[in-house]
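All of these numbers come straight from a predicted model, not from anything done at the bench. When a ligand or atom number is given, it counts from 1 through the structure's own listing order.
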Amino acid sequence: MSDQSSSHSPIDILVVDDTPENIRLLSTMLSQAGFYVRKALSGQMALTAVQAQVPNLILLDIMMPDMDGYQVCQQLKTDPLTQAVPVIFLSALNDAFDKVQAFQVGGTDYITKPFQIEEVLARIHHHLALQSAYQEIRQLNTNLEARVQERTQQLESAHAQLLKLVLSDGLTKLPNRAALIEQLDMLLHRASLNPAYRFAVLLLDCDRFKIINDSLGHEAGDQLLIHIAHRLQTLLHPGDMVSRLGGDEFALVLLNLSPEDDGTQFADLVMQAFLAPFTLRDQQIFVNVSVGIVIGDSTYEQPEHILRDTDTAMYYAKAAGKAQYRVFEPAMHDSALRFLQIETDLRRAIQAQEFLLHYQPIVCLSTGQISGLEALIRWQHPKLGMISPNEFIPIAEETGLIQPIGLLVLRQACHQLCDWQKQALVSPDFSMSVNLSACQFAHPNLTEQVYQILQETQLPPHCLKLEITESAIMGNPRSAADVLHNFRRRQIQLSMDDFGTGYSSLSYLHSFPMDNLKIDRSFIQGSTDLGVGNGLVPIIVAIAKTMNMSVIAEGIETQEQLAQLRSLNCDYGQGYLFAKPLEPSQVIDLIASDPRW
Ligand code: C2E
Ligand code: MG
Ligand code: MG
């Protein structure tokens with residue numbers, strides 16, 4: 001709207017009166033005062049004139065034939081075009097002038113006839129000023145409204161963008177953990193209103209993703225995650241959700257479960273989808289996933305509890321050998337708590353010296369005498385009691401604490417044997433076997449650390465036997481061969497531990513300089529006949545011999561097993577039949593009694 005009092009166009013005043021005399025007089029005076037004046041001799045003419053051009057102000061006589069001033073004013077006020085035009089009524093003193101009615105029909109002011117021109121001009125100026133002030137305010141308001149609207153739009157789009165950022169994963173563009181929590185919150189609310197409502201949450205974790213990252217580089221790892229995200233998306237039904245929780249973890253939320261569906265059907269689909277390889281830079285890569293499943297319903301109150309339970313179930317799937325799924329059961333929770341407690345307490349246990357070593361004799365089967373010991377770590381936990389290495393070593397590996405713990409074992413075992421040698425309690429060839437975990441084996445400083453400890457303790461290198469599992473070697477076969485050759489050169493002996501439980505490939509054995517092969521106790525135990533032609537033991541012994549390796553049978557518990565292993569020419573034996581892992585003082589007592597089997 002333009003400013004009507006602007007200096008460019010003169011102010012337009014419409015004078016309405018049925019008396020030509022009055023009109024003439026008024027228009028002369030107003031023209032002299034600088035106004036542009038139009039005239040209307042009846043109400044009808046006035047209405048036509050305003051339609052042709054909206055005036056800035058109207059002077060309106062009340063008493064007119066046909067249509068009186070009130071009616072004219074009423075019509076002007078109902079038309080949006082003319083609504084805002086100020087109307088000043090003119091009325092003779094003897095008119096049945098009703099001031100109240102003048103204002104009721106929308107009049108702005110009134111002037112009684114006969115009028116003083118000064119008064120008319122003063123009122124006109126006053127109302128024009130008011131009018132222009134109103135208009136200015138209205139204009140400001142419209143501008144302000146437009147600006148507010150614009151800002152609101154900007155804010156809304158910024159908010160939407162922010163929300164997208166906050167709730168989505170930068171790499172895969174999938175919803176992220178925050179978005180998942182929001183969704184679970186909503187579903188739990190739905191379940192709280194309807195106890196029959198169920199949904200499933202599947203937590204997927206890629207197995208051995210670190211190896212892919214380490215060998216192909218992080219960029220390829222990222223690409224692979226994007227491929228995985230796409231493949232998961234193709235499995236979804238409308239309304240279901242897949243999100244990336246970070247790293248190589250994805251979560252799937254399935255809605256509309258049938259009453260008997262526990263999410264495993266879908267987990268089967270996922271497993272199947274991962275059977276096909278992913279193609280990255282013309283290379284085919286196979287990825288396995290471990291999946292934890294939780295059925296969400298009104299028994300859950302918080303999304304975090306659902307995620308905690310999927311995590312626990314997923315951990316069980318991994319522990320059961322990976323590439324599997326597990327549905328959460330409450331009993332899993334207790335062991336998960338124990339896992340957490342062990343994880344937190346491990347660090348403290350090193351400082352508090354809660355680890356000790358037990359030693360299990362290894363017997364030379366041809367002489368029947370103890371020829372060495374295997375150092376086996378024990379953890380005397382102040383609250384949980386004795387904890388098996390089978391339980392805490394995997395946790396120590398995951399947290400990296402296996403490094404200090406492994407060195408502690410190596411140092412203590414070497415010191416111990418050296419002590420006994422100095423006291424002449426054992427023969428100079430007596431050996432000490434120490435277990436190395438896969439993580440220790442992969443550590444770049446391993447060889448230096450071992451040499452350092454041998455120097456420190458002055459133990460002759462040929463008395464030390466390092467036990468390594470197949471999987472530790474297969475994790476990185478090329479550098480493993482280097483490490484093993486280094487040890488060999490220093491006359492440190494090497495044993496392949498738990499043979500038969502891992503890759504069990506005899507064919508690759510020759511590429512590694514192994515001195516001893518330890519047959520896993522699962523091959524010995526429970527078998528009543530280990531003789532030639534029965535099972536794998538005779539074959540393993542025969543092949544090891546052709547490769548110039550000594551064979552150690554683990555887990556001998558009966559005289560029968562001992563006799564059969566002897567007849568197979570197995571070199572060494574270890575097991576409860578001879579002795580359980582013993583404390584140092586018990587070891588010395590046993591050796592002093594010079595036992596023969
Ligand atoms: P491993 O190296 O194969 O050690 C042999 C395990 O078999 C020991 O279990 C031993 O107590 C058990 N054993 C020996 N003879 C018999 C038998 O006749 N019957 C039965 N049922 N079991 C027998 P332990 O001490 O519980 O150790 C379990 C595993 O923990 C070890 O298996 C080894 O892999 C790991 N471990 C133990 N100490 C260390 C360590 O200092 N460092 C590392 N990295 N791993 C260790
Ligand atoms: Mg061992
Ligand atoms: Mg073993």
Side-chain angles (χ1 to χ4, degrees), residues 342 346 349-350 354-363 370 372-380 385-417 431-443 446 449-450 453 464-473 475 493-502 514-527 530 551-562 565 570 572-583 586-587 590 597:
I342 289 179
L346 261 180
I350 302 175
E354 287 167 13
F355 295 112
L356 42 119
L357 291 187
H358 280 186
Y359 300 94
Q360 188 176 31
I362 296 176
V363 173
I370 302 176
L373 300 165
E374 177 176 3
L376 292 161
I377 192 169
R378 296 291 176 263
W379 180 10
Q380 182 62 54
M386 201 66 99
I387 302 178
S388 157
N390 285 324
E391 190 173 2
F392 72 81
I393 292 284
I395 302 175
E397 287 186 330
E398 249 174 63
T399 53
L401 286 171
I402 192 65
Q403 291 299 339
I405 294 174
L407 289 182
L408 184 147
V409 171
L410 191 63
R411 186 169 278 121
Q412 194 168 329
C414 292
H415 264 300
Q416 184 65 85
L417 181 57
S431 67
M432 178 63 81
S433 298
V434 176
N435 293 286
L436 285 186
S437 84
C439 300
Q440 279 179 280
F441 192 67
H443 198 277
L446 175 70
Q449 286 167 341
V450 174
I453 286 173
L464 178 62
K465 292 184 178 179
L466 296 177
E467 295 195 0
I468 302 152
T469 59
E470 292 169 285
S471 49
I473 293 178
Q493 291 202 50
L494 299 166
S495 306
M496 169 78 64
D497 202 357
D498 302 342
F499 187 79
T501 55
M514 287 285 169
D515 304 281
N516 315 294
L517 191 118
K518 295 187 83 170
I519 304 178
D520 190 69
R521 65 168 187 266
S522 56
F523 289 89
I524 314 295
Q525 274 165 2
S527 19
L530 297 164
V551 180
I552 304 170
E554 294 183 319
I556 305 176
E557 290 183 357
T558 66
Q559 288 290 351
E560 210 181 358
Q561 289 162 350
L562 173 60
L565 286 161
C570 180
Y572 300 95
Q574 186 179 350
Y576 293 172
L577 175 68
F578 311 114
K580 290 196 166 178
L582 304 169
E583 291 172 28
Q586 294 173 311
V587 173
L590 181 68
W597 286 278

- Given that the side chain starts at C-beta and the backbone is N, CA, C, O, which of these parts of Val409 lies under 4.0 Å from ligand 1, counting heavy atoms, or is it both or neither? side chain
- Message: Residue-level breakdown please: for Ser437 versus ligand 1, do any non-hydrogen atoms fall below 4.0 Å on the side chain, on the backbone, on both, or on neither?
- Response: both
- Asn435 OD1 and Asp497 OD2 subtending at the Mg ion (ligand 2) (10° steps): 80°
- Item | Side chain, backbone, both or neither: Lys518 near ligand 1, heavy atoms under 4.0 Å | neither
- Message: Restricting to salt bridge (charged side-chain N to carboxylate O under 4.0 Å, His left out), what partner residues turn up for Glu354, sequence neighbours left out?
- Response: Arg348
- Query: Is ligand 1 under 4.0 Å from a heavy atom in the side chain of Arg378, in the backbone, in both, or in neither?
  - Reply: side chain
- Query: From the Mg ion (ligand 2) out to just under 2.8 Å, does an N/O/S atom of Glu467 turn up?
  - Reply: yes
- Query: So which bit of Asp498 gets within less than 4.0 Å of ligand 1, heavy atoms only: side chain, backbone, both or neither?
  - Reply: side chain
- Query: Looking only at heavy atoms, is any part of Arg521 under 4.0 Å from ligand 1, and if so is it the side chain, the backbone, or both, or is it neither?
  - Reply: side chain
- Message: Give the atom numbers and elements of ligand 1 that come within less than 4.0 Å of a heavy atom of Pro581.
- Response: 11 (O)
- Item | Plane angle bin for Trp379 and Phe392 - parallel if under 30°, tilted between 30 and 60°, otherwise perpendicular | perpendicular
- Message: Under the rule for salt bridge (charged side-chain N to carboxylate O under 4.0 Å, His left out), what residues qualify as partners of Glu398, not counting sequence neighbours?
- Response: none
- Task: Go through ligand 1 atom by atom and flag the ones less than 4.0 Å from a non-hydrogen atom of Gln360.
- Result: 10 (C), 14 (C), 15 (N)
- Task: Give the numbers and elements of all ligand 1 atoms closer than 4.0 Å to a heavy atom of Pro389.
- Result: 24 (P), 25 (O), 26 (O), 27 (O), 28 (C), 30 (O), 36 (N), 37 (C)
- Message: One residue to check: Ile556. Relative to ligand 1, which of side chain, backbone, both or neither has a non-hydrogen atom less than 4.0 Å away?
- Response: backbone
